Structures are given as C-alpha cells and as structure tokens.
Amino acid sequence: MSSFDDSDAFEAASSVSLSQRAMAAAPRPYLDGLNPAQRAAVETLEGPVLMLAGAGTGKTKALTARIAHLLLTGTARPNEILAVTFTNKAAREMKTRVATLLGQPVEGMPWLGTFHAICVKLLRRHAELVGLKSNFTILDTDDQVRLMKQLIVASEIDEKRWPARMLAGIIDNWKNRAITPDKVPSADAGAFNRRGPELYAQYQQRLKDLNAADFGDLLLHMVTIFQAHDDLLDQYRRWFRYILVDEYQDTNVAQYLWLRLLAGGHNNICVVGDDDQSIYGWRGAEVGNILRFEKDFPGAHVVRLEQNYRSTAHILAAASGVIAGNKGRLGKTLWTEGEEGEKVRLIGHWDGDEEARWVGEEIEAMQRGTRGMDPISPDHMAILVRASHQMRAFEDRFLTIGLPYRVIGGPRFYERMEIRDAMAYFRLAVSPTDDLAMERIINVPRRGVGPAAMQKIYDRASEESLSLTASVTSLVRDGKIATMGGKARTKVPELVEQIFRWHELARDPECSHVELAEMILEESGYIESYFQPRTKEEVDRGDPPKYKDVEAPGRLENLKELVKALEGFENLQGFLEHVSLIMDNEQESEEPKVTLMTLHAAKGLEFPAVFLPGWEDGLFPSQRAMDEEGMKGLEEERRLAYVGITRAERVCTISFAGNRRVYGQWQSQMPSRFIDELPEDHVEVLTPSGLHGHQNMGASASPVAGMMRGSDLHEAASRADVYNSPGWRRLQTNAAKPGLRQPSEARHMTIDAEAESAFSIGDRVFHQKFGYGAVISVEGDKLGIAFDKAGTKHVVARFLVAAGAAGDVPF
DNA sequence: TTTAGCATGCGAGAT
DNA sequence: GCATGCTAAA
C-alpha cells in the first residue's frame, strides 16, 4: 500500500508545494462521490491496474482522483507521475480537473501530456543517442510526403503507380509497430513494389541529415534508446514511479513497448480504457494491448467501471445488444440507476435528402419540446455520421431552413495551407537553413521559381553542401543567378536577403516576435497575395482592396489568429515548438448550434439528443472496412456503432435511407445489419404522422415497419407548421438584430418596396460556404442564388453578405 | 508560369 | 459529386 509516512519526499516537491492546508483539510474530499469500483481504481496504487471503464462510467473522474490520491497521500511527487493521453485536449482536461481537485494549479506535473509531447521532451534530452541534435525539427505529414516524393523520384520509381502517400502510409505503419528499417519483417519486404524497406532506410537517413523527426519517430526513437541503454532506462524507471495511461485500447505497438519498458521493475502502471471503444485500428491501435494486459502484467488488478451516469436504461440496453455481437471482449455490463427513458428511435427514409429534411424538422420539434419531451437546446444535439461526406446533405438542409450548426473536425487549424505557409516563413526566420520550409515558400507567393530554377538551386546546394538559402547566396556571388528566369533572378535573392534580416531580428531580444511575424507576412508579400492586384489608379482612387478569391477572407482571418496565438509565447521558437497546441480553433458564439461530426470525433463526448443517420450496409458498416479487414473490420465498425449510441443521454435516433447517391450514382441501400442487432424491446419504430404511401423495403428482418416516400401531403404537413417553428421564430428575432454585415446603402438604392429582404434580384452576394453568386429570386427572407461555383441554391438571407462589402482588412 | 480541361479515385484523422 | 493532380495550351 501507499506510504503515508513519506512526507519528506512530499514536501521536497519543489515546483508545486501542495499546501499543508490541502493535506490537513477534510480527509480526501476527492474520494467523495466515488462509487465502490471507482474507489477501488483510485486506491489501488501499487502494482498493475487495468481500469475497464465503459462509456459514461466516470473514467476521467476516477483517473484524476487517482492522481490527487497519489499526490495528497504523499505517495508520489508531482514530477514522479507519468500520465499519458492521446490528445492535447485530454491532457488539458486532466490538468484542469486535477487542479480543481487539489485546489491549485498543477504546473508541477511536467509529465502529464500526450505520448508525443512527452517523447519530444525526452528525445530532446537524448537526441544524440539516435544521431539527432536536441533542436531537431518535427515534420508534419506534408513535409514527410514531400521528402518521400523526392526519394521516389530519385529511385526512378514511377511515382504515379507508387505514390508518395502510399509509401508514407507504409512507413507510418512500420513505425507504429516499432519496426526500424533493419527489422522490416520478410512478410513486408514486398511492400511498395519491393522497394519499401530500402526507401524506408533512405528516408530515415534523410531525416537524420535534416536533423528532423516525424511523429512516428518520436516514439520509435525513444523505444530504440531505452532498448539500447539500460542505464538510462533504469534512471527513468526510478524517476517515473507511477504511470497512468488514458485510452489504453488506442495504443499502438510502439506506445505499448515504450510503456512496458518504463513500467518494468516497479510495475506501477494503471491503464484505463474500454476494449469496446477501440475504433482506431486503422491508425495502428491494437485492441490486443488491452485484451492482453493481464498477461503482460501478471497479478494485475482489474477494476470494472460499469455503472453508467450518462444514458437512460433503454439506450444502454440498445448499445449492449449491439456490442454483444463482438467476440473476444473483456466483457462489461453497463447498468444505471437512472430512468428508463425513451426507447431508441428508429426511422427509415426514402433517400438521404429526405433523411436530412426529417432530422432538421425533428431537431426543431425537439427544440420546441414536442412529443411529451422537455425542450432541448440545439447545443445539446448532435448528428454523428460514419463518413464526413454524409454531412453535406445536412448542411444543405440546415442552411435552407436557417438552422444554426457547427461542424467539428474539418481540416485542423494548423494544417491549413496558409498556416503552414506562414509557419514555414517563421521557421526560416528562426533557422534560415531549414530547407523544407524554404522549399515550401520559395515560390509562395509566386516568385517565378519553376522546376528549372529550383534545380539550379538544388545543384549548387548539393555541390557545396549548402542549405537552399546559402545556395542562393552562392549563386548570387558568382553571378550564376543570371541564368534564371527574369522574375526569379531578382525575387529570389530578395527573399534570401529578407530571410537573413528576419533572422537577425528573431535573435534580437529587443524585437517583439509578434511584430516580427506581422512584418514577415507583410514584407514577404504573402498577405498581399490574397488580394487582387490593384492598378495604380485604383490605389490612387482609394478603392478598397478586393480579395483574390472566396477563400481569401477566411485565410487572412486564420493568419490573424495565428499572430494572436503568438502573443502567448516568449519568442517564435517557443511558438513553433508548441504549435500543435493551437489546434483548437473554436470560438464559441452565443447562438445555440447543432453539432455535426463523425462518429470517430464523437468519442468521449455526450449529448442529450443524438442522431445517427446513414445506418445502411456498405456505408455503416463501411464496405471498405469489411473488405480490407474482414471480421476484424466489422467488429471495429460495431464498436463504432456502440460508441455512437452511448453518446446519447436521453434520446437516440437511428435512421437509414433506402436510396442514396454514392459517388454520384444512385444506389438502393439495405438497412444496416446493426439495426437487426438492436434489441426490439428497446426500440421504437417511428413513422412520421401525416404520411402515406408506405412502401415495404422487405430487405431486412429488422423491426422496421416500412419506408415512406416523400409525398405532397408530407410537404404540406411540414409547411403548415413552419410559422410556428423555432427556425422561423429565430429568423424573426435575428432580423431585428444587427446580424452579419449589412450591405452598404449605396449598393441597394434600387431595393423594391415590397421586398423585405435586403437583397434584390441581380445582386452579387457572398456566402460563407458557397462563395460568390447572384440573386435570382426573392421570397421573403429566402433567396434563390445562382452561385458561381456551387450551383443554384436556396438560402436564408442572413447567411449572405453583399459581395464587395469585404469588411476590414487584416493587419 | 499559369490555366483550363480531363482523368482518377474515394474511411474514420491525433500527434 | 467533388477534389486532386496531371497534361496541354496560352
């Protein structure tokens, strides 16, 4: 058991002096409200512990209480606990919650973080053991692919048949499995047209030359180091006396090995996870790790968290019924003391559009509080789809009816083009020899550098083993620069000069890095490249600058945010280091919104009302998963279904469509086999009232009554109610508020008197999602717009801005 | 170098 | 249906 007499060590904890007050306070308040299972998970401190935490069973509560327990009993000092998560979000949440339990910040927990963040920290200390310098750069996926492309071309491999992305996938896979180039198993030797292993070795060599590591390397290198240096490993084993791992079912082989190495000796490792929620097999996660835990760590305590605090009994029963179809589970039975609640609701639709329309109406109805249910705010509703392309139908529909929504999980902030471009500039300012950064931006904005010019720079660089920047300087020095195209001849040396000047400023402590960043984006012409070129007359006349395209305003907005994010850091270097932390790009607006996201993105979240559309064989479960992984793939899909259902607190609505457009082709769809697996007693089959024309699909033995066809009557029924709908009322209130930018007076002198809309036929407008277009019809607040790129759509006026009213210019 | 026009291929996506 | 990435033409 834990040593309560270790108060010396406890008080010696330098960074966080956990106050005596906390110690002396009521005995362990963090244990209050824990159920017996959670309590066991918290108090079993010594030896291996497997905390099997079903969905909604208070896993994070137990995990954070465990940390608090370790600290407040003096069993461990903050810096002796290694606590690993997968995402920055999870790490942050854990930090905050531990801080709440302790009643003070936890800066003193330096080893609470993601696998990658912790490995970076360790690897910087011991980089030389794998031939890197401690200031190595971390490549993003884009850099990796670019590098591999070069290697493929150099190896005279047909890049079309053997694309760099594929190689990246293969190498990533090896790294996930902790396979170094010399250890590629013979079964994999044929990969990438038999050249895979050799290219892998070359790639690793290139990384070393560049003093760089990719994400996979961070773990792989640490495993390599620990395997080769017993003394070092011992040191860390003594250092990290207690190990905690979140989402253990998502660990890959490399992470598993790393943990095993570190836990060896004391075996004080507590892993938390749920084999039924393992949905990341495709990116290397091995469910086997959690299934095998008791074998790997003999004598492990297994604690099952089965009391669910999230969902109603019906929802839990439905989820349990589905997941029971999987073999080889550790087995858990979720139960609740809560109410029975609504049965899981199931409804079939004619096609995907119909499904989206119904969901839209249902959301409005639930917002109003019909069907004997309390009203639910859109903030508390989510639509969870299997594949992101399913979102389109919903977005289109919601835009039409003016239902506010947010999409989670589009392209991440830091992987947007403009952010990466800007970051490349910053990287060059910090280190002008960063060739990958140079490669990225040498022709961004266009500086007339094509393949020919690039080749000359490369050639000189390799002749004299210089960086690309230095190579340009060298070419300038002996006049060879003149052999380049006219534009490149002047622009490229100009760029290099700028880089060196920025570099000076970056090292100057007097110079604010935020201002420097703005200066860089401005001077490089990068900002300007998002505006249309203006003639001298236009400038003289003081015409406002015009954005280059529909994307430009958003991109400039992102850059603004990037600069803002810089403020929180000491210098550019520090920022680059921590850039992955700015991924959260969410600025919450006051307006309640429905959430639209993938099932994968929804793991760990919960919503009072959840919609699960598209339950059709081939879409969900995905055909591809089944083709490629067979039974294993199907089981992972089934876990995904389980994750989906268990996100719901009060209402869970599953739906499917009989027809769906797949890659532009209409296909008739069969209801998902998972629908058959829903226990009938816990399912209510919905048939929207006022419908006729039932048409039996007859395709499934499921408890589905039949399909309904979108009919005139249905149309009429939904129309009649529209004035009472939340959407309509919302429009009324919004019309009174100064909402989005109003079109300027001058542009709308010709508004006809009867049109209440601020727009009239022929106006040029801009829409956040569909871009520019022209108004072709006006019906109250609903406008028909012929979009330049997106075709003709009906949109509510408040989603439109008059084109040309571009707004303020960043910087 | 830039661009329009056609072929291609398609899941989920943290770090 | 759409984005991506190539070839051909400007």
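Since we're looking at a predicted model, the values are computed, not measured. Chain letters run A, B, ... following the sequence lines, proteins first, then strands; residues in each count from 1.
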Exercise. Between dA12(B) atom P and L612(A) atom CG, what is the distance in whole Å?
Worked result: 17 Å
For this session: Just compare dA12(B), dG13(B), dT15(B) and give me whichever is closest to any side-chain atom of R283(A).
Result: dG13(B)
Exercise. Once you round it to whole Å, what is the distance between C1' of dC2(C) and CG of D396(A)?
Worked result: 13 Å
Exercise. Just checking E628(A): base, sugar-phosphate only, or nothing, at a heavy-atom cut-off of under 4.0 Å?
Worked result: base
For this session: Assign F86(A) to base, sugar-phosphate, or nothing according to its heavy-atom contacts below 4.0 angstrom with the strands shown.
Result: sugar-phosphate
Problem set entry | salt bridge (Lys or Arg N to Asp or Glu O under 4.0 Å) partners for E247(A), two or more places apart | K59(A), K603(A)
For this session: Could I get the full list of side-chain hydrogen bond (donor to acceptor under 3.5 Å, both in side chains) partners for D421(A), not counting sequence neighbours?
Result: R440(A), Y526(A)
Exercise. What nucleotide among dG11(B), dA12(B), dT15(B) has an atom nearest to a side-chain atom of T114(A)?
Worked result: dT15(B)
Exercise. In terms of heavy-atom contacts, does NZ of K149(A) have more than 12 from other residues, nucleotides or ligands at under 6.0 Å?
Worked result: no
For this session: Please state how far atom CE in M597(A) lies from atom P in dG13(B), giving the value in whole angstrom units.
Result: 11 Å
For this session: With heavy atoms under 4.0 Å as the rule, sort S622(A) into base, sugar-phosphate or nothing.
Result: base
Exercise. Out of dG11(B), dA14(B), dG1(C), which nucleotide sits closest to the side chain of R392(A)?
Worked result: dG1(C)
Problem set entry | Which nucleotide in dA12(B), dA14(B), dT2(B) has an atom nearest any side-chain atom of R386(A) | dA12(B)
Seminar exercise, completed: Heavy-atom nearest nucleotide on DNA chain B taken for Q255(A) and for M626(A); more 5' hit belongs to M626(A)
Seminar exercise, completed: Note on DNA chain C: ranges paired as stems (three or more Watson-Crick/G-U pairs in a row, both atom distances under 3.5 Å) are B:1-10 with C:1-10
Exercise. Starting at CD1 of I408(A) and ending at P of dA14(B), how long is that distance when rounded to a whole Å?
Worked result: 12 Å
Problem set entry | Stacking of Y280(A) on dA12(B) base (centres under 5.5 Å, planes under 30°) | no
For this session: May I have the distance from F115(A) (atom CZ) to dA14(B) (atom P), rounded to whole angstrom?
Result: 17 Å
Exercise. Sequence neighbours excluded, which residues qualify as salt bridge (Lys or Arg N to Asp or Glu O under 4.0 Å) partners of R673(A)?
Worked result: D617(A)
Exercise. To the nearest angstrom, how far is Q144(A) atom CD from dG13(B) atom C1'?
Worked result: 13 Å
Problem set entry | H600(A) side-chain proximity, nearest of dG13(B), dG11(B), dT2(B) | dG13(B)
For this session: Kindly point out which of dT15(B), dG13(B), dT2(B) is positioned nearest to the side chain of N443(A)?
Result: dT2(B)
Seminar exercise, completed: Residue set satisfying salt bridge (Lys or Arg N to Asp or Glu O under 4.0 Å) with R624(A), at least two apart, ordered chain then number -> E628(A)
Problem set entry | Residue-phosphate contact under 4.0 Å: T598(A) side-chain N/O, dG11(B) OP1/OP2 | no
For this session: Select base, sugar-phosphate, or nothing to describe what A387(A) touches, counting heavy atoms under 4.0 Å on all strands.
Result: sugar-phosphate
Problem set entry | Carboxylate-amine/guanidinium contact K632(A) E635(A), below 4.0 Å | no
Exercise. Atom NE2 of H389(A) to atom P of dA3(C): distance rounded to whole Å?
Worked result: 14 Å
Seminar exercise, completed: Residues at least two apart in sequence or cross-chain that pass salt bridge (Lys or Arg N to Asp or Glu O under 4.0 Å) with D434(A), listed by chain then number, are R427(A)
Exercise. Run the ring-ring contact (aromatic ring centres under 6.0 Å, His included) check on Y256(A) and W258(A) step by step: do they pass?
Worked result: CA-CA 5 Å; Y256(A) 162 77; W258(A) 185 78; over 10 Å; no
Exercise. Counting side-chain heavy atoms from CB outward, which of dG1(C), dT2(B), dG11(B) is closest to R624(A)?
Worked result: dG11(B)
Exercise. Has N88(A) got a side-chain N or O lying under 4.0 Å from the OP1 or OP2 atom of dA14(B)?
Worked result: no
Seminar exercise, completed: R661(A) has its side chain closest, among dG13(B), dT15(B), dG1(C), to dG1(C)
Exercise. In whole angstroms, how far is the C1' atom of dT15(B) from the CG atom of L218(A)?
Worked result: 8 Å
Problem set entry | Distance flag, aromatic centroids of F226(A) and Y236(A), threshold under 6.0 Å | yes
